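For the single chain, residues carry numbers from 1 onward in sequence order. Atoms within each ligand, like the ligands themselves, are counted from 1 in listed order. Computation of the quantities below employed the complete heavy-atom set of this structure, encompassing side-chain atoms and omitting hydrogens, waters and symmetry-equivalent molecules. All of these numbers come straight from a predicted model, not from anything done at the bench.
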Amino acid sequence: MSTFIPYGRQSIDADDIQAVIDVLNSDFLTTGPAVESFEQAVAEYVGARYAVAVSSGTAALHAAMYAIGISSDDEVIVPPITFAATANGVAFQRGTPVFADVDPETLLLDPACVEEKITPRTKAVIAVDFAGQPCDYDALRQCASRHSLTLLDDACHALGAAYKGRMAGSLAELNIFSFHPVKHITTGEGGMITTDDETLAKRMRIFRNHCINTDYRQREERGDWFYEMVDLGYNYRLSDLQCALGLSQLKKLPAWIKRRQEVAHRYDEAFAGSPAVNPLRVRADISHAYHLYVIRVPGATRSAFFTALRNRGIGVNVHYIPVHLHPFYRSTFGTGPGLCPVAESAYEQIISLPMFHGITDSQVKAVIVAVLEEAESLPA
Ligand SMILES: *Cc1c(COP(=O)(O)O)cnc(C)c1O
């Protein structure tokens with residue numbers, strides 16, 4: 001299937017490869033200078049004071065939950081339309097993820113639904129900038145501060161997005177990114193947390209290194225061997241090889257975001273006249289990073305639509321099966337159908353179309369033609 005158009009794909013150029021080779025030829029393959037350089041570059045790009053690199057977006061969510069002290073008595077509110085890792089981070093710390101429903105037009109966490117799910121045990125809210133569109137942070141911040149909750153942004157879809165002129169990565173107290181190859185920039189596997197809070201940043205740096213309270217460089221400077229492991233931590237470090245790749249990728253991000261917006265614009269124009277193809281609503285107060293381009297088709301036809309497009313070599317996908325419907329969540333937290341009706345009904349209708357910065361104009365055209373033809377040929 002050489003003509004298959006995937007839903008997402010990374011771009012790696014000669015500069016990226018050279019950056020990794022340079023690290024291979026250097027003294028530090030891990031815990032070296034490339035880590036801090038990458039952290040500083042991301043912090044600067046998103047407008048946050050601190051950035052902490054970790055081994056994946058999932059590790060970033062776990063580190064964030066650890067940093068704010070989530071434990072078995074705590075509830076954390078999350079949306080169901082997200083990758084399971086958003087809620088898993090809460091479960092890793094033995095907390096309880098509580099699912100609040102989404103807005104039907106954007107599939108973003110609905111602040112009114114968050115309000116309804118708050119209990120005396122609620123400690124935090126993780127907003128997810130689904131598809132690359134930032135949530136309504138004015139409303140979410142107000143709600144969080146009224147109830148003394150920590151607001152987090154799972155911005156894994158939203159690197160390069162902005163809300164009222166402020167970049168994703170600086171919109172919540174802790175902001176989570178992933179550098180998996182389908183995301184905007186990649187390090188193979190990788191993640192980052194950005195924050196303005198020095199104490200939380202320090203806690204996450206220690207957490208990613210087994211909760212050992214000094215690093216080897218501090219010991220080297222002091223000329224001794226002593227260290228203590230002060231809590232149960234993990235090895236969630238991101239290597240210098242990966243950070244060098246990330247740093248090289250980051251330079252290209254602004255152009256890549258532009259390309260994604262251009263592709264979305266083409267899709268928007270093409271589908272505007274088709275009653276069966278209904279893209280998610282984009283609010284006027286944001287700049288969209290388009291990790292995904294999601295359309296809704298009538299629920300009864302979604303499955304046939306999906307299969308027809310796959311058969312034509314169009315790499316459509318579905319993001320996401322509502323997290324509270326997964327067997328683990330049902331059996332562990334007693335969730336199930338009916339808990340988030342808006343998300344559940346949206347799930348029946350959504351399809352993600354190919355969206356990546358390296359997609360060619362002719363591939364975009366092929367997607368549009370296939371989507372419109374299939375939309376017309378389906379039973380109404
Ligand atoms: C990709 C993603 C994650 C997890 O990131 P990994 O790097 O794959 O661990 C978490 N949340 C969302 C919304 C994601 O898209």
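- When Cys156, Ala84, Ala60 are checked for heavy-atom proximity to atom 12 (C) of ligand 1, Cys156 turns out nearest.
- Close placement of the Tyr7 and His319 rings is indicated, their centers lying within 6.0 Å of each other.
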Inset, instruction - List the steps, then state whether ring-ring contact (aromatic ring centres under 6.0 Å, His included) holds for Tyr234 with His210. - result: CA-CA 4 Å; Tyr234 292 75; His210 313 279; 8.8 Å; no
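- When only interatomic distances are considered, the shortest N/O to N/O separation between Asp154 and ligand 1 falls below 3.5 Å.
- Annotation: Arg94, atom CZ; neighbour count of heavy atoms from other residues, nucleotides and ligands within 6.0 Å does not exceed 12.
- The proximity of His291 to ligand 1, defined as any non-hydrogen pair under 4.0 Å, does not occur for either the backbone or the side chain.
- Ligand-side atoms of ligand 1 in range of Gly57: 5 (O), 6 (P), 7 (O), 9 (O), range being under 4.0 angstrom from any heavy atom.
- Ring centroids of Tyr329 and Phe99 are separated by less than 6.0 Å, placing the two rings close together.
- At least one heavy atom of Gly190 lies less than 4.0 angstrom from ligand 1.
- Close N/O approach between Val128 and ligand 1 is not found [any backbone or side-chain N/O within under 3.5 Å].
- At a heavy-atom cutoff of 4.0 Å, ligand 1 is contacted by both the backbone and the side chain of Ser56.
- Inclusion of Thr82 in the set of residues having an N or O under 3.5 Å from an N or O of ligand 1 is not warranted.
- Atoms of ligand 1 found under 4.0 Å from any heavy atom of Thr86, numbered from 1 in the order shown, are 11 (N).
- Just one of His157, Gln133, Met355 meets the side chain to side chain contact (heavy atoms under 4.5 Å, CB included) condition when paired with Leu292; it is His157.
- Near Thr58, meaning under 4.0 Å from any of its heavy atoms, are these atoms of ligand 1: 4 (C), 5 (O), 6 (P), 9 (O).
- No close placement of the Tyr66 and Tyr236 rings is indicated, their centers lying 6.0 Å or farther apart.
- Residues Asp240 and Leu29 form no side-chain contact, since every pair of their non-hydrogen atoms from C-beta on lies 4.5 Å or further apart.
- Residue contacts with ligand 1, taken as heavy atom pairs separated by less than 4.0 Å, involve Tyr320 solely via side-chain atoms from C-beta onward.
- Residues Leu159 and Tyr45 have side chains in contact (heavy-atom distance under 4.5 Å, counting atoms from C-beta outward).
- Of all protein heavy atoms, the one lying nearest to atom 15 (O) of ligand 1 is His157 NE2, 2.9 Å.
- At a threshold of 4.5 Å between non-hydrogen side-chain atoms, the residues Thr150 and Lys123 do not count as touching.
- Distances between N or O atoms of Ser178 and those of ligand 1 include at least one value under 3.5 Å.
- Backbone and side-chain nitrogen or oxygen atoms of Lys183 are examined, and one is located within less than 3.5 angstrom of a nitrogen or oxygen of ligand 1.
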